[in-house]
S.K.: 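Dropping the structure in here first, questions after.
So you know, we letter chains A, B, ... as the sequences are listed, proteins then strands, and number each from 1.
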Protein chains: 2
Amino acid sequence: MAVTSQQIADAAGVSRATVDRALKDRGRVRPEVAERIKKIAKEMGYHPNQAARMLALSKQHFKIGVLLSSMQTPFMQEVLKGVRDAKEEVEKKGVIIEIRTTYGKDVHQTIAALDELKQVGVRGIALVPTDDEKVKKKINQLTEEDNISVVTLNADVSKSKRICFVGQDNNKAGRTAAGLMAECLPANSQVCVIGGLELNPAIPSRTNGFIEGLRGIRPDIEIVDSLYVTNENDNKESEKIALKMIEKYPDLGGVYVSPPVVLGVCRAMRKKRVDKKIKLISHDLLQENLKQLEEGTINFLIGQEGYMQGYEPIMILFRLLVEERNPEKEFEYTSIIIKNRFNI
Amino acid sequence: MAVTSQQIADAAGVSRATVDRALKDRGRVRPEVAERIKKIAKEMGYHPNQAARMLALSKQHFKIGVLLSSMQTPFMQEVLKGVRDAKEEVEKKGVIIEIRTTYGKDVHQTIAALDELKQVGVRGIALVPTDDEKVKKKINQLTEEDNISVVTLNADVSKSKRICFVGQDNNKAGRTAAGLMAECLPANSQVCVIGGLELNPAIPSRTNGFIEGLRGIRPDIEIVDSLYVTNENDNKESEKIALKMIEKYPDLGGVYVSPPVVLGVCRAMRKKRVDKKIKLISHDLLQENLKQLEEGTINFLIGQEGYMQGYEPIMILFRLLVEERNPEKEFEYTSIIIKNRFNI
DNA sequence: GTGAAAGCGCTAACAG
DNA sequence: CTGTTAGCGCTTTCAC
């Protein structure tokens with residue numbers, strides 16, 4: 001049987017209430033007594049029984065808010081799964097999770113949703129932010145004025161007062177792609193980079209990581225072109241661009257493509273019958289992308305753990321608010337997953 | 001606020017005790033009443049508060065045993081970390097974890113340890129088994145006679161009555177290695193396979209997966225040789241064998257090596273200055289292996305999630321014994337991790 | 001078959 | 001400053 005607060009109380013010759021106050025530094029205990037209690041608790045290896053704690057605290061109905069954006073994307077659906085599982089897990093312990101979502105990304109909607117979450121009385125918020133000055137201000141205000149802890153997930157807000165960030169190191173993800181490309185290609189190969197518009201700040205970081213990484217380990221490989229697609233959701237356009245690229249660079253060995261436009265590139269490569277010849281590397285483990293991976297048009301996909309990015313922030317806030325345990329790190333980087341056709 | 005058993009009781013016009021008996025099928029309730037209670041509970045969306053449940057059950061002191069072997073290996077240390085974290089997590093909820101370890105692998109020690117765990121009164125056991133007839137018998141006996149649930153981890157015992165297995169699909173891991181090799185090599189390359197003694201049943205599965213996978217997607221690649229090292233822990237021997245291999249096959253493009261002997265192969269390749277030319281793929285994310293990966297001698301490492309293999313079995317047993325939730329699948333395959341030098 | 005009641009370990013409100 | 005007390009929601013005797 002684990003040691004209980006009553007045993008500590010008996011050993012110290014005080015009451016359970018005093019033990020509780022001493023251990024939680026809630027004051028109203030003579031300092032020397034508090035010290036003695038802490039010492040005894042440590043010696044006896046006291047750890048409060050979480051079940052009992054949760055039960056006693058259950059009238060306090062903690063609320064945690066979650067704000068997700070770009071819900072139309074399958075990646076966010078994956079994040080949502082993690083959120084739902086975390087919700088189920090903490091709700092059994094009496095914590096309420098309020099989920100808000102927006103279809104796309106919009107600063108005003110984001111701020112309005114944050115205000116609403118504050119209104120319903122959340123003590124912590126996990127959100128997918130836009131890296132915007134107004135959003136940053138709002139986060140700082142929530143943190144400082146309203147005493148609401150904020151965790152960013154998937155994307156970070158630079159220099160804001162959020163307590164921690166859960167997501168991928170995008171530069172490192174790009175470098176990982178470069179490492180794969182480097183293994184695939186023979187000496188003096190040519191490589192192209194195809195990106196979407198840079199609305200998503202993750203993309204340039206990845207692309208930079210890719211280019212830096214490739215230059216670093218394979219200076220013989222020439223990055224012959226960086227192409228941009230103006231409409232990210234238009235695979236027709238990316239297909240056209242890829243077709244031109246294939247014609248222009250008949251000796252092309254590899255292509256690194258931003259996720260939103262990769263399917264058009266796949267189509268172009270199959271049409272030109274170079275899908276088995278040109279190495280294609282991209283990001284995001286979407287169903288459509290995985291299909292291309294299985295068929296061999298895409299050679300490698302780099303993934304991030306969407307599920308974890310939904311699950312972990314809630315648990316971090318739960319531990320912080322309910323168990324009073326601070327997050328271990330400011331940056332909780334999720335691992336960079338490499339998929340080929342076999343380890344799907 | 002979540003709905004409580006009292007609310008169900010009120011709605012059904014019975015007492016909490018009756019609700020409990022009805023919902024848990026403990027009998028001693030008129031069937032029609034039980035039906036009504038279940039219906040109401042479902043309608044009202046009743047989920048028992050876990051904290052309260054744990055607290056009420058806390059006198060029952062559940063005990064779960066863990067038996068780990070080959071503790072000298074860094075992989076098992078990783079598994080142990082997962083075990084320790086799970087232990088900490090469930091002990092806060094009043095469950096006691098008994099850990100036993102053996103240095104190497106030995107059937108008699110394993111069985112003795114299982115008996116001891118039974119003696120101390122565990123209700124479930126998670127173990128790293130040897131796939132041996134005696135061990136199988138013992139597992140079946142524990143399951144059927146002693147009503148102790150068994151989960152195998154890392155390695156499975158074929159056709160035993162363990163409730164589930166947590167670990168890697170070794171054949172798939174070998175195929176994944178084949179997929180990587182296939183991307184790395186130009187047409188008509190030569191490949192060698194170097195294995196240790198087949199004491200560890202994981203190795204042949206992986207090797208088979210590798211060979212099958214490679215033949216399937218790259219029939220042009222010739223597997224010129226399969227070499228075996230007689231002493232698995234002797235990197236001198238594997239170095240010698242690798243040196244000979246390099247001389248014998250001057251055009252060798254890739255080598256697939258079993259983990260325990262990979263370091264000797266690395267040394268041989270550096271000595272012969274072919275470490276950047278021959279693609280080397282192996283398994284296990286050990287510190288020494290990762291170093292070779294960073295330096296570029298090893299091109300890819302396939303890893304398995306040791307931490308999860310320690311953590312998950314305990315949680316499965318916890319859910320089964322305490323929360324009465326059966327495991328979701330019989331085979332809980334951990335994911336196959338691909339590492340290059342960048343996503344370490 | 002059913003209900004009343006005790007109690008799991010902890011926290012917080014209230015008394016001293 | 002410190003102790004007493006009343007639950008939190010559930011399970012489990014023990015009476016009826």
Side-chain angles (χ1 to χ4, degrees), chain A residues 1-38 40-41 44-62 90-96 321-324, chain B residues 1-38 40-41 44-62 90-96 321-324:
Chain A
M1 207 66 215
V3 25
T4 72
S5 65
Q6 184 62 64
Q7 293 176 41
I8 306 295
D10 292 346
V14 295
S15 74
R16 289 212 317 272
T18 304
V19 169
D20 188 50
R21 283 188 289 255
L23 260 27
K24 293 289 161 53
D25 289 319
R26 298 200 209 288
R28 308 194 306 163
V29 186
R30 243 192 11 253
E32 62 253 46
V33 177
E35 272 320 303
R36 197 157 55 85
I37 290 174
K38 284 184 184 177
I40 292 175
M44 298 179 65
Y46 170 65
H47 291 285
N49 180 314
Q50 288 301 308
R53 180 150 203 275
M54 293 299 88
L55 192 54
L57 286 173
S58 57
K59 43 188 135 178
Q60 283 199 30
H61 74 285
F62 288 95
V90 301
E91 283 192 343
K92 288 189 301 196
K93 301 178 185 173
V95 172
I96 296 165
L321 300 173
V322 183
E323 301 182 348
E324 294 173 354
Chain B
M1 208 64 215
V3 25
T4 72
S5 65
Q6 183 62 65
Q7 292 176 41
I8 307 295
D10 293 346
V14 295
S15 74
R16 290 214 313 271
T18 305
V19 170
D20 190 51
R21 283 189 289 253
L23 260 27
K24 293 288 162 53
D25 290 317
R26 298 200 209 287
R28 305 196 306 161
V29 186
R30 250 197 0 259
E32 61 254 46
V33 176
E35 274 318 305
R36 199 157 55 84
I37 291 175
K38 283 184 184 176
I40 292 174
M44 298 180 64
Y46 171 65
H47 292 285
N49 180 314
Q50 288 302 308
R53 180 150 200 276
M54 292 300 89
L55 191 53
L57 286 173
S58 57
K59 40 188 136 179
Q60 286 200 27
H61 76 284
F62 288 95
V90 300
E91 283 193 344
K92 289 189 301 196
K93 302 179 185 172
V95 172
I96 296 166
L321 300 172
V322 183
E323 301 183 346
E324 294 174 355

S.K.: Touch check for B:N49, heavy atoms < 4.0 angstrom, all strands: base, sugar-phosphate only, or nothing?
M.R.: sugar-phosphate

S.K.: Base, sugar-phosphate alone, or nothing: which one does A:R30 contact when heavy atoms must sit under 4.0 Å apart?
M.R.: sugar-phosphate

S.K.: With a 4.0 Å limit, can you tell me whether B:Q60 has a side-chain N or O closer than that to the phosphate oxygens OP1/OP2 of D:dT12?
M.R.: yes

S.K.: Using only side-chain N and O atoms of B:R28, determine if any of them is under 4.0 Å from OP1 or OP2 of C:dG3.
M.R.: no

S.K.: Does a side-chain N or O from B:S58 land closer than 4.0 Å to OP1 or OP2 of C:dC8, or not?
M.R.: no

S.K.: Please report the C-alpha distance between A:V33 and A:R21 in whole Å, then the side-chain angles of each, then the deciding distance to 0.1 Å, and finally whether the side-chain contact (heavy atoms from CB on, under 4.5 Å) criterion is met.
M.R.: CA-CA 11 Å; A:V33 177; A:R21 283 188 289 255; over 6 Å; no

S.K.: Counting only side-chain heavy atoms from C-beta out, which of D:dC10, D:dG9, D:dT13 sits nearest to A:L55?
M.R.: D:dG9

S.K.: Can you check whether A:R16 has a side-chain N or O nearer than 4.0 Å to OP1 or OP2 of C:dT11?
M.R.: no

S.K.: Taking atom C1' of D:dT11 as reference, at what distance in whole Å does atom CZ of B:R26 sit?
M.R.: 7 Å

S.K.: For B:D10 and C:dA4, what is the distance between atoms CG and P respectively, to the nearest whole Å?
M.R.: 11 Å

S.K.: Are any of B:S5's side-chain N or O atoms less than 4.0 Å away from OP1 or OP2 of D:dC10?
M.R.: yes

S.K.: How long is the straight-line distance from CD1 of A:I37 back to CD of A:E32, given to the nearest 0.5 Å?
M.R.: 11.0 Å

S.K.: How about A:V90 and A:F62: do any of their side-chain heavy atoms sit closer than 4.5 Å?
M.R.: no

S.K.: When the distance from CD of B:Q7 to C1' of D:dG9 is rounded to whole Å, what number comes out?
M.R.: 11 Å

S.K.: How close or far is atom P of C:dG9 from atom CG of A:L23, stated in whole angstroms?
M.R.: 17 Å

S.K.: Given C:dT11, C:dC10, D:dG9, identify the nucleotide with an atom nearest to the side chain of A:A52.
M.R.: C:dC10

S.K.: Check the pair B:V29 / B:K24 against side-chain contact (heavy atoms from CB on, under 4.5 Å), numbers first and verdict last.
M.R.: CA-CA 11 Å; B:V29 186; B:K24 293 288 162 53; over 6 Å; no

S.K.: What is the distance from CD of A:Q50 to P of C:dT11, rounded to the nearest Å?
M.R.: 9 Å

S.K.: To the nearest Å, how far apart are A:I37 CD1 and D:dC1 P?
M.R.: 13 Å

S.K.: So which one's nearest nucleotide on DNA chain D is more toward 5', A:A17 or B:Q6?
M.R.: A:A17

S.K.: Heavy-atom nearest nucleotide on DNA chain D for B:K24 versus A:A56: which residue maps closer to 5'?
M.R.: A:A56

S.K.: Starting from C1' on D:dG9, measure out to CG on B:D20 and report it in whole angstrom.
M.R.: 11 Å

S.K.: In whole Å, I'd like the distance from the CD atom of B:E323 to the C1' atom of D:dC10.
M.R.: 14 Å

S.K.: Would one find a side-chain N or O of B:T18 under 4.0 angstrom from OP1 or OP2 of C:dT2?
M.R.: no

S.K.: Find the distance between CZ (B:R53) and NZ (A:K92) and round it off to the nearest 0.5 Å.
M.R.: 10.5 Å

